[in-house]
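See below for the structure under consideration.
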There are 2 protein chains.
Amino acid sequence: MTEDRWTPPAVLLAVDLVILTLRESHLQVLLVERGVEPYKGALALPGGFLRDAEEDLTAAARRELAEEAAMDVEPLHLEHLGVYGEPGRDPRGRVVSVAYLAIAPGLPEPVAGTDAAGARWQRADRVLSGELELAFDHRRIVADGVEKARAKLEHSALATAFCGPVFTIADLQRVYEAVWGIPLDPRNFYRKVQKTSGFIVAAGSERKVTTGRPARLFRAGPRTVLYPPMVRPAEQPNAKGREE
Amino acid sequence: MTEDRWTPPAVLLAVDLVILTLRESHLQVLLVERGVEPYKGALALPGGFLRDAEEDLTAAARRELAEEAAMDVEPLHLEHLGVYGEPGRDPRGRVVSVAYLAIAPGLPEPVAGTDAAGARWQRADRVLSGELELAFDHRRIVADGVEKARAKLEHSALATAFCGPVFTIADLQRVYEAVWGIPLDPRNFYRKVQKTSGFIVAAGSERKVTTGRPARLFRAGPRTVLYPPMVRPAEQPNAKGREE
DNA sequence: ATAATAGTGTCTGTTAGACACTATGGG
DNA sequence: CCCATAGTGTCTAACAGACACTATTAT
């Protein structure tokens with residue numbers, strides 16, 4: 001933010017998107033198969049370069065998502081995730097990538113777009129475990145996105161966005177269990193969610209899915225930030241930073 | 001991360017730094033007086049453009065800090081804060097700025113460097129209130145940095161870093177009160193900190209500062225992440241997202 | 001009736017917050 | 001003595017976690 005008389009170097013600016021959804025009880029991330037070098041044929045996050053020097057970063061992110069996955073981009077809320085800019089992360093030269101995170105309810109199977117040979121949902125745990133290899137440093141970006149999503153469930157009413165317009169409390173619990181990767185007690189979850197006023201509100205009727213007593217239906221309430229938060233059990237009670 | 005045959009636009013990449021410290025019981029932020037247009041003479045965060053296309057982002061941040069504030073940059077831990085890249089935020093053209101946050105104990109008064117007419121500590125609350133005007137969108141960046149610092153006090157042992165090598169529990173409490181901007185009960189704070197094992201460890205002797213009973217001395221313990229966290233009282237019990 | 005899921009009641013251990021109280025120094 | 005700060009004890013209300021129990025449907 002200073003200097004003159006000397007010309008600062010220009011860099012290539014890219015955006016990458018971590019789009020998370022819940023499908024078949026698993027947290028899934030949208031990946032595309034790269035159609036061009038480098039890493040041609042490999043799986044990667046959707047993303048790409050800014051189109052022109054006036055394009056807004058989030059606009060670029062939405063455009064890339066529409067191009068590569070033909071997704072309806074309107075309703076997505078994009079959130080800044082991080083910047084990945086180590087020299088050498090892209091063989092084409094100095095590329096600094098700004099990553100965005102979006103979390104959304106059961107999104108449809110995307111169709112192949114123009115830039116990518118294909119776009120598909122993949123289970124996030126398979127990416128994190130290394131079972132699926134990703135181009136560039138995209139695995140790291142996915143890991144950061146998943147961790148951010150887990151944290152957001154604690155402090156925001158985001159989980160309701162994973163469900164349809166109406167849902168049962170058990171539906172909501174499945175969201176938490178899938179994203180956090182741990183089982184929760186249904187009874188305690190039930191009351192915890194109920195007493196967090198403004199989180200969910202009753203929606204008249206009931207629903208019968210398969211067997212058992214029909215469940216009441218709810219919709220998302222007006223509250224966006226949860227205080228007190230939904231507590232996520234400590235990941236590893238005796239991990240780093242812990243002792244006693 | 002796709003496309004070829006067409007050349008992506010280059011943008012100017014800058015780094016900005018939010019350096020926070022605690023001086024005279026107030027959270028303070030390091031600001032420089034801009035020596036060049038635009039905003040010449042105005043207060044701004046230290047920062048600047050990448051020197052060359054191979055420079056690492058954090059390296060650029062450290063270099064700018066050394067140049068503009070002649071600060072010893074070695075021990076600072078820089079943490080990614082955000083990206084500020086709206087078109088039009090800089091009159092010189094498309095500038096995307098990556099902001100970093102550093103939090104450190106009683107740093108010395110900086111001396112004027114080469115790029116800036118001066119660098120000085122300013123109270124963060126004066127910046128947030130608008131009493132001090134900042135160039136560009138730097139006030140917003142400071143606000144994001146302060147909020148991040150407040151959150152970090154909750155979940156990490158960062159507060160001990162604001163104190164000297166040894167400190168009393170009252171010293172530590174003053175850190176929390178200054179950063180959070182609220183008073184805490186000394187008795188409850190005392191026990192809360194004590195029972196969070198690994199947070200602080202006893203350091204032999206005692207200290208008598210002015211009047212009253214001498215206090216025991218402690219030093220930072222081995223634990224870096226606090227679980228359970230130090231809970232920060234809800235900012236506004238009835239603010240956005242709240243009701244009932 | 002049985003299975004299965006929804007929803008309620010209740011106990012227990014822990015914790016935040018309030019605040020009385022004791023301890024130990026300097027005038 | 002008094003004052004000020006350090007440190008302890010203790011009560012209460014809220015809450016997480018465990019889990020028995022009741023309710024309501026389909027088969």
Side-chain angles (χ1 to χ4, degrees), chain A residues 25 153-155 159 163 166-177 180 182-219 226-235 237 242 244, chain B residues 25 153-155 163 166-177 180 182-219 226-237 242 244:
Chain A
S25 296
L153 281 204
E154 289 190 87
H155 300 95
C163 305
V166 295
F167 50 86
T168 68
I169 290 184
D171 292 337
L172 193 61
Q173 181 180 343
R174 277 186 278 270
V175 173
Y176 277 90
E177 291 180 330
W180 284 352
I182 51 173
L184 301 172
D185 183 294
R187 290 94 57 147
N188 294 332
F189 183 86
Y190 194 97
R191 266 172 309 131
K192 171 73 179 181
V193 158
Q194 285 278 48
K195 84 170 52 162
T196 303
S197 81
F199 188 9
I200 59 175
V201 297
S205 58
E206 297 190 335
R207 175 166 55 180
K208 176 84 233 57
V209 193
T210 51
T211 171
R213 172 174 174 177
R216 301 179 195 152
L217 288 176
F218 296 85
R219 41 182 105 254
L226 301 185
Y227 191 87
M230 302 287 293
V231 285
R232 160 167 58 148
E235 195 154 352
R242 193 80 170 113
E244 169 165 15
Chain B
S25 297
L153 281 203
E154 290 191 86
H155 300 96
C163 305
V166 295
F167 48 86
T168 68
I169 290 184
D171 292 337
L172 193 61
Q173 180 181 342
R174 276 186 279 271
V175 173
Y176 276 90
E177 290 180 331
W180 284 351
I182 51 174
L184 300 172
D185 183 294
R187 290 92 60 143
N188 293 332
F189 183 86
Y190 194 96
R191 266 169 313 134
K192 172 72 179 182
V193 158
Q194 285 278 48
K195 84 169 55 161
T196 303
S197 81
F199 187 11
I200 58 175
V201 297
S205 57
E206 297 190 337
R207 174 167 53 179
K208 176 84 235 60
V209 193
T210 51
T211 170
R213 174 175 172 176
R216 301 177 195 153
L217 288 176
F218 296 86
R219 42 183 105 253
L226 300 184
Y227 190 90
M230 302 287 294
V231 285
R232 160 169 56 150
E235 192 154 354
Q236 335 239 17
R242 190 83 169 111
E244 167 165 12

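Residue numbers start from 1 in every chain, and the chains themselves are labelled A, B, ... in the order their sequence lines are given, proteins ahead of strands.
The nearest whole Å value for the distance from the CG atom in A:L217 to the P atom in D:dT25 is 14 Å. Atom CG of A:D171 is separated from atom P of C:dG7 by 11 Å (rounded to the nearest Å). Computed from coordinates, the A:L226 CG to D:dA16 P distance equals 12 Å when rounded to whole Å. If you take NZ of B:K195 and P of D:dT8, they are 12 Å apart, rounded to a whole angstrom. The interatomic distance linking B:L184 (CG) with C:dA16 (P) rounds to 13 Å, in whole Å. Atom CG in B:D185 sits about 17 Å away from atom P in D:dT10, given to the nearest Å. Between the P atom of D:dC15 and the CZ atom of A:F189 lies a distance of 17 Å, rounded to the nearest Å. The distance between atom OH of B:Y227 and atom C1' of C:dT15, rounded to the nearest whole Å, is 13 Å.
The CD atom of A:E154 lies 9.5 Å from the CE atom of A:M230; values are rounded to the nearest 0.5 Å. For the atom pair B:C163 SG and B:L217 CG, the distance stands at 11.5 Å (nearest 0.5 Å). To the nearest 0.5 angstrom, B:R216 atom CZ is 6.5 Å from B:Q194 atom CD. Interatomic distance, B:F189 CZ to B:Y176 OH, rounded to the nearest 0.5 Å: 6.0 Å.
Taking only side-chain nitrogens and oxygens, B:K192 comes nearer than 4.0 Å to OP1 or OP2 of C:dA16. The side chain of B:R216 places no N or O atom within less than 4.0 Å of a non-bridging phosphate oxygen (OP1 or OP2) of C:dT24.
Which of C:dT8, C:dA23, D:dT25 sits closest to the side chain of A:Y190 comes down to C:dT8. Nearest nucleotide to the side chain of A:R213, out of C:dA4, C:dA16, C:dA6: C:dA6. Looking at the side chain of B:R191, the nearest of the listed nucleotides D:dC19, D:dT5, C:dC19 is C:dC19.
Mapping A:R187 and B:R187 onto DNA chain D via the closest heavy atom, the residue that lands nearer the 5' end is B:R187.
Of the possible donor and acceptor atoms, none in the side chain of B:T196 sits under 3.5 Å from a partner among the backbone N and O of B:F199.
Interface remark: the A:N188 side chain does form a donor-acceptor pair with the D:dA18 base, using a distance-only criterion of under 3.5 Å.
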